[in-house]
Amino acid sequence: MYTQGLDGKIGPVREAETAEEKEREARFQARIDAEERIEPNDWMPEGYRRTLIRQISQHAHSEIVGMLPEGNWVTRAPTLRRKAILLAKIQDEAGHGLYLYSACETLGVERAELVEQLLAGKAKYSSIFNYPTLTWADVGMIGWLVDGAAIMNQVPLQRCSYGPYARAMVRICKEESFHQRQGYEIVMTLAQGTPEQRRMAQESLDRWWWPALMMFGPPDSDSVHTAQSMKWKIKRVTNDELRQKFVDVTVPQAERLGLRIPDPQLRWNPERGHYDFGPVPWDEFWRVIAGEGPCNRERLEQRRRAHEEGRWVREAALAHAEKRRLRDRAA
Ligand code: BYC
């Protein structure tokens, strides 16, 4: 079993060494098995803490970087109503990032340090945000497919064994459900529109389908963290199980829209009670998470620029807080 340290290096999770440590780990696992929530001040194995920091910070970074592809369309949304909705959605993503960084800080790591890792290109964020948003249909597709996949993954995380993460997920899931519906509604409007609008929706689905399936992570057979994360009940459902669930829910939605899923091997399998689907292009996934996706460089550059341009705001907020603290103390 491997875990990633804060320095980004992957190393083996250290085995409990002494009898006392083993006993403590057994007591911890018994609490997990009994469905007790672990809270910030409780004892936890170092591997559990590191796994959570890795996953929650990657999740927080995904929310923040996830604002960029949608932000690309704020000035070009087709109507004022669409623009207002899109702005609100992007603000929600920022809020999600903030809850998640806060949840992560309860594990004894500073948000500034996590942001630093992202900007230095050492931290991962979801592969999906390294694809471009070329047309307005892509904004709909992000809501329908990307938020749809995010919800599928996040609903079980509401039952994560770590209290602060599980609680952050409850609110995030409520907002993501609304995001998914607004995306579906955009795609539905296009699918019921002119032939050109229908073509735009189909072309967008053709580009986003496989990357959406990659959001659930590599196949279980290649997933280094799943077994241990399931044992610790950080993850409740495996990558492949969630991917299958997503396909099963989404195919009928595409049929209702009159759109074609770009997978010639897709068919209902009555024996399994699930859709069979073709091979996910995993080579592409590994390339994207190694930094070689279509927009990796652009996304990081944009984040770095935004961070620099926001420096004066952070400094002003800190100065204001300090002034208030001194005033309160003097009073
Ligand atoms: N992209 O052992 P595995 C959203 C990495 S966005 C990049 O299966 P794990 C939203 C993985 O980190 C959705 N990297 O890992 C926001 C690991 O590398 P390291 C964000 C990926 O953690 C705005 C390696 O591959 N959601 O909500 O057990 C607008 C092996 O993987 C990906 C979350 O982050 C990927 N897709 O399982 C709209 C949910 N997949 O760290 C929407 C929380 C895998 O060893 N995270 N990797 O270097 C999770 O549930 C899990 O971390 C994952 C991966 C299922 C993603």
Side-chain angles (χ1 to χ4, degrees), residues 1-6 8-11 13 50-71 86 89-97 99-100 103-104 117 122-131 133 139 141-158 160 162 165 168-169 172-173 175-180 182-183 208 210-232 234-243 246 280 282 284-291 293 296:
M1 176 47 47
Y2 293 86
T3 188
Q4 185 182 32
L6 273 181
K9 290 200 188 100
I10 305 216
V13 172
R50 279 171 166 234
T51 300
L52 281 167
I53 292 176
R54 179 185 63 79
Q55 180 167 325
I56 302 173
S57 62
Q58 287 175 359
H59 196 163
H61 299 327
S62 304
E63 300 284 354
I64 300 298
V65 178
M67 296 164 75
L68 299 174
E70 293 180 305
L86 183 58
K89 178 182 193 277
I90 295 171
Q91 283 178 355
D92 283 354
E93 312 298 2
H96 298 173
Y99 313 150
L100 288 163
C104 207
Q117 286 172 19
K122 288 186 196 154
K124 286 197 172 71
Y125 56 86
S126 183
S127 48
I128 196 76
F129 300 119
N130 293 306
Y131 291 86
T133 39
V139 174
M141 222 43 79
I142 289 182
W144 173 35
L145 298 181
V146 175
D147 291 299
I151 296 169
M152 197 58 86
N153 164 274
Q154 287 169 182
V155 164
L157 289 174
Q158 295 177 107
C160 167
Y162 188 57
Y165 191 28
M169 279 302 129
I172 291 179
C173 281
E175 293 178 352
E176 295 289 16
S177 302
F178 166 72
H179 293 175
Q180 195 267 352
Q182 70 82 39
W208 288 90
W210 295 108
L213 295 196
M214 295 173 200
M215 285 177 70
F216 297 96
D220 292 349
S221 52
D222 294 329
S223 166
V224 277
H225 304 294
T226 293
Q228 182 61 69
S229 287
M230 296 281 287
K231 190 165 173 229
W232 277 329
I234 291 173
K235 281 167 94 162
R236 293 286 188 154
V237 188
T238 74
N239 302 358
D240 285 336
E241 286 165 353
L242 284 173
R243 193 170 6 256
F246 175 75
V280 178
W282 290 115
E284 175 180 319
F285 170 78
W286 295 115
R287 265 201 314 278
V288 172
I289 71 168
N296 294 59

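Just so you know, ligand 1 is whichever comes first in the structure, and atom 1 is the first atom listed for that ligand.
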### Task
Would you mind listing which atoms of ligand 1 come within a distance below 4.0 Å of any non-hydrogen atom of Phe216?
55 (C)

### Query
Are any side-chain N or O atoms of Asp220 and backbone N or O atoms of Asn239, one a donor and one an acceptor, separated by less than 3.5 Å?
yes

### Task
Consider every N or O of Asn239 and every N or O of ligand 1, then say whether any pair is closer than 3.5 Å.
yes

### Query
Is a side-chain N or O of Arg236 found less than 3.5 angstrom from the main chain of Val155, in a donor-acceptor match?
no

### Query
Residues two or more places apart in sequence or in another chain: which of them pass ring pair (Phe, Tyr, Trp, His ring centres under 6.0 Å) with Trp286?
none

### Query
Could an N or O of ligand 1 be found under 3.5 Å from any N or O of Arg54, whether backbone or side chain?
yes

### Message
For ligand 1 and Gln58, I'd like to know whether there is a polar contact (N/O to N/O, distance under 3.5 Å).
### Response
yes

### Task
Would you give the length of the straight line joining atom NZ of Lys89 to atom CD of Gln182, rounded to the nearest 0.5 angstrom?
5.5 Å

### Query
Say you draw a straight line from CH2 of Trp208 to CE of Met141; how long is it, rounded to the nearest 0.5 Å?
9.5 Å

### Task
Give yes if a backbone or side-chain nitrogen or oxygen of His225 is under 3.5 Å from a nitrogen or oxygen of ligand 1, and no if not.
yes

### Message
Using a 4.0 Å cut-off to any heavy atom of Asp147, which atoms of ligand 1 qualify?
### Response
29 (C), 38 (C), 42 (C)

### Message
Once you restrict to heavy atoms under 4.0 Å, what part of Phe129 touches ligand 1? Side chain, backbone, both or neither.
### Response
side chain

### Message
Side chain or backbone, does Met215 bring an N or O within less than 3.5 Å of an N or O on ligand 1?
### Response
yes

### Query
If you measure from each heavy atom of His179 to ligand 1, is any distance below 4.0 Å?
no

### Query
Should Tyr165 be counted as touching ligand 1, given the test is an N or O pair under 3.5 Å?
no

### Task
With sequence neighbours left out, write down each residue that passes side-chain contact (heavy atoms from CB on, under 4.5 Å) with Asn153, or none if nothing qualifies.
Leu157, Phe216, Leu242

### Query
For the residue pair Leu213 and Arg243, what are the closest heavy atoms and their distance?
O-NH1, 2.9 Å

### Message
Tell me whether Gln154 has any N or O atom under 3.5 angstrom from an N or O of ligand 1.
### Response
yes

### Message
For the 3.5 Å polar cut-off, considering only N or O atoms, please tell me whether Val224 and ligand 1 meet it.
### Response
yes

### Query
Hey, are the side chains of Tyr99 and Ile172 touching, using non-hydrogen atoms and a 4.5 Å cut-off?
yes

### Query
Can you find an N or O of Ser127 that's nearer than 3.5 Å to an N or O of ligand 1?
yes

#### Entry: Contact partition for Asn153 relative to ligand 1, non-hydrogen atoms under 4.0 Å
side chain

### Task
May I ask you to list the atoms of ligand 1 that are less than 4.0 angstrom from any heavy atom of Lys124?
5 (C), 12 (O), 14 (N), 18 (O), 19 (P), 48 (O)

#### Entry: Backbone or side-chain N or O of Ser223 under 3.5 Å from ligand 1 N or O
yes

### Query
Quick one: does Ser126 get within less than 4.0 Å of ligand 1, heavy atoms only?
yes

#### Entry: Donor-acceptor under 3.5 Å (Thr133 side chain, Pro69 main chain)
yes

### Task
Pick one of side chain, backbone, both or neither for how Tyr125 approaches ligand 1, counting any non-hydrogen atom pair under 4.0 Å.
backbone

### Message
Using side-chain hydrogen bond (donor to acceptor under 3.5 Å, both in side chains), reason through His179 and Glu176 one step at a time and then give a plain yes or no.
### Response
CA-CA 5 Å; His179 293 175; Glu176 295 289 16; 3.2 Å; yes

### Donor on one side chain, acceptor on other, His61 and Gln58, under 3.5 Å
no

